[in-house]
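Start at 1 and go down the list; that is how both ligands and their atoms are numbered. Every heavy atom of this structure was used, including side-chain atoms; hydrogens, water molecules and symmetry mates were not.
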Amino acid sequence: MAVVICFLFVHFLIGLVSSNGEYQKEKLVSVSATTGMPWPLPQQYSSTPDVYTINRNAFKFKATGQSCDILESAFFRYQTIIFGMREETLKFHPKNSLKAGSLTVLNVNVKNKCDRYPYLGMDESYNLTISATGATLNSNSVWGALRGIETFSQLVLQQDTNMFFVNGTTISDYPRFQHRGLLLDTSRHFLDVTIIKQNLLAMSQSKFNVFHWHIVDDQSFPYTSKNFPDMASKGAYDSRHIYTQDQIAEIIEFARILGIRVIPEFDSPGHSQSWGKSITDLLTKCYSGGKRNGQYGPVDPTLETSYGFLSKFFAEIGRVFPDQYIHLGGDEVNFDCWKSNPNVTAFMKQKGFGTDYAKLEEYYVQRLLDIVGGLKKGYMIWQEVVDNGAKVKPDTVVEVWKRGYLQELYKVTSLGYKALLSSCWYLSDIAYGIDWPNFYNCDPDDFFGTAEQKKLVIGGEVCMWGEYVDNTNVLSRTWPRASVVAERLWSAQSVKDANAAAPRLEEHRCRMIKRGFPAETVNGPGFCPQEYAIPV
Ligand SMILES: *[C@@H]1O[C@H](CO)[C@@H](O)[C@H](O)[C@H]1NC(C)=O
Ligand SMILES: *[C@@H]1O[C@H](CO)[C@@H](O)[C@H](O)[C@H]1NC(C)=O
Ligand SMILES: *[C@@H]1O[C@H](CO)[C@@H](O)[C@H](O)[C@H]1NC(C)=O
């Protein structure tokens, strides 16, 4: 992490300087905007001054094409999200028997049968029309319907207790990038299932579609394995800081209903100290002055037992997590311990690696990739894996996180691999002031490359590393700053003016507050029409 923080600080300063001309803070003081425009901005969007009233007691969603549990649950959820209390709770108040407004139904027409799980490259496009002839949402897949219903929910504004309204609107929308992810780290600090679910809900309201679950790391191992239960009982902080198989299934199901993929990351050979608490001989034993010093390093790549364990472990992970992809980490491997261990030295000699420990790392990673590839799963990896020259499967997704990301995106895509950008979106690095324009101004397509290379950039991820966040502040530190990146990854490339975005972002933040999320301030002094309801 030290490397990252150092780099981002530099990047950050540059960002501030270069965006000074474009972005004027003064203008944003006291933005308390009600634009009625959605976030992220749709690809094609137009509205009219015609206003249609909606009586919340009369309004319904109606499936006019395919339907399934995902759509039904969206109808139920958005009834509450848009209108607050549901009809059942209201019918005891006689004063609420107002006559129906002019819009009573949103017809949702899904063309194709629902998929069970969201996947890379799913069709999220939709068209939404609100006019005198009614309100209609068309999509090919249920995923497009989810995105469209979210947009609809943002267009509806409240007039008084029961009366809402929406302007005439025509939208044709689809995401610019297929992979729009958010990383949470549950190893440095444990996060409750409830917090993870709230975060998933917030994600769906900014049209994110991948939850990158950095579930374990050096510090703790909260994943309860079926085959290796000791990994959690010895590797977690304690018995309360774990995820059971039932809880993991619950999170995957919650995400599925929101159209969000869950990709777990089990990082090795580095970042795996917590694994060694239970798996004997997995980690390299470190030496100093010719003697064992009691410390452990990365996974021991010289022992066949390491690979036997990995085969069994990842076979389980492949079954527990339904997504096609598993993240295998591969970042920040420290060679010092490997260098100190005589057996490793002997192994290096035997393999003809000389003193090039990157070759040893490559040897390990190659074997791990072959194991996971054999499970018919794709994998995601941090950039070091290809930087060190490992041969990965053609469908591999390489996550670029270090400085010099423009060159790295060029390199990864020229090798023919899919690439994701996260270098400029480390939300965990914070500083005083307005930082979101720096996130907004960073674009995965900014590198120099051919059209073929650009196609291989499938999106990006915001990262909220867990050193300084837990249940108390992870949501407020993540939101609405993550939403800024959601717009970069969803909306057209031409949507890049931070000044124009500011009032909509302000409105999006206030909408999140209204919906119950503790979304922090983004634009300096101001207020929300409906302030955060402090839980009691
Ligand atoms: C909605 O209609 C009102 C009233 O005609 C108009 O003032 C407002 O600008 C419209 N909003 C949008 C987003 O078009
Ligand atoms: C949305 O409208 C566009 C333009 O009319 C059309 O090409 C496209 O197929 C429509 N998409 C869906 C999902 O209905
Ligand atoms: C080196 O390998 C030998 C033979 O497999 C084993 O007995 C010994 O424990 C190993 N030493 C270290 C430091 O791993």
Side-chain angles (χ1 to χ4, degrees), residues 31-56 59 61-68 70-71 74-75 82 101-103 105-115 118-119 121-160 163-178 180 205 207 209 259 487 490-492 494-495 497 499-511 514 528-529:
V31 182
S32 63
T34 307
T35 66
M37 285 163 77
W39 186 283
L41 197 65
Q43 298 284 343
Q44 286 168 40
Y45 165 83
S46 64
S47 62
T48 71
D50 305 326
V51 167
Y52 302 93
T53 55
I54 303 175
N55 180 330
R56 75 163 154 200
F59 181 84
F61 293 99
K62 188 169 165 218
T64 55
Q66 299 287 339
S67 190
C68 57
I70 299 169
L71 197 60
F75 289 174
I82 300 174
S102 55
L103 197 66
V105 61
L106 174 66
N107 291 306
V108 180
N109 183 26
V110 177
K111 203 155 120 203
N112 300 321
K113 275 222 173 77
C114 298
D115 306 301
Y119 55 93
M122 60 185 155
D123 185 340
E124 295 171 285
S125 67
Y126 67 91
N127 291 335
L128 175 64
T129 326
I130 299 161
S131 70
T133 56
T136 306
L137 172 61
N138 281 305
S139 70
N140 295 318
S141 74
V142 71
W143 315 121
L146 289 183
R147 306 307 172 231
I149 294 171
E150 173 58 38
T151 303
F152 176 78
S153 77
Q154 298 187 7
L155 298 174
V156 177
L157 301 177
Q158 188 158 8
Q159 191 172 311
D160 57 41
M163 295 312 288
F164 292 71
F165 67 96
V166 63
N167 284 59
T169 308
T170 308
I171 287 174
S172 186
D173 202 11
Y174 54 87
R176 181 175 161 217
F177 292 105
Q178 301 175 337
R180 305 178 306 282
Q205 297 179 11
K207 298 187 171 70
N209 65 0
E487 176 152 296
W490 178 283
S491 306
S494 58
V495 179
D497 178 348
N499 282 308
R504 277 187 307 109
L505 180 60
E506 185 74 14
E507 184 174 15
H508 188 59
R509 183 229 163 197
C510 290
R511 181 167 45 234
K514 189 174 178 199
C528 283

Any side-chain donor paired with an acceptor under 3.5 Å for [X] and [Y]?
X: Ser131; Y: Thr133; result: yes
X: Asn127; Y: Asn138; result: no
X: Asp123; Y: Ser125; result: yes

Which residue holds the protein heavy atom closest to atom 11 (N) of ligand 1, what is that atom called, and what is the gap in Å? Asn167 ND2, 2.9 Å
Residue and atom name of the nearest protein heavy atom (relative to atom 14 (O) of ligand 1), distance in Å to one decimal: Ser47 OG, 2.6 Å
Considering only heavy atoms, which of Asp123, Ile171, Asn127 lies nearest to atom 1 (C) of ligand 2? Asn127
Under 4.0 Å from atom 9 (O) of ligand 1, can you find at least one protein heavy atom? no
Would a 4.0 Å cut-off, counted as strictly less than, catch a protein heavy atom around atom 4 (C) of ligand 2? no
Relative to the heavy atoms of Asn138, which atoms of ligand 2 are at a distance of less than 4.0 Å? 13 (C), 14 (O)
Near Ser139, which atoms of ligand 2 are under 4.0 Å from a heavy atom of that residue? 13 (C)
Hey, are the side chains of Phe61 and Leu137 touching, using non-hydrogen atoms and a 4.5 Å cut-off? no
Rounded distance (nearest 0.5 Å) linking atom OG of Ser141 with atom OH of Tyr126: 12.5 Å
Suppose I only count heavy atoms of Val51 and a 4.0 Å limit; which atoms of ligand 1 are within that range? 2 (O), 4 (C)
List every atom of ligand 1 that sits less than 4.0 Å from any heavy atom of Pro49, numbering the atoms from 1 in the order shown and giving each element. 2 (O), 4 (C), 5 (O)
Check ion pair Arg504-Glu487 (N to O, under 4.0 angstrom): yes
Minimal heavy-atom distance between Ala145 and Ser139, with the atoms involved, is N-OG, 3.4 Å
Can Gly144 be said to touch ligand 2, with heavy atoms closer than 4.0 Å? no
Given that the side chain starts at C-beta and the backbone is N, CA, C, O, which of these parts of Thr48 lies under 4.0 Å from ligand 1, counting heavy atoms, or is it both or neither? backbone
Ring pair (Phe, Tyr, Trp, His ring centres under 6.0 Å) test vs Phe59 passes for just one of Phe152, Phe164, Tyr52, namely Phe152
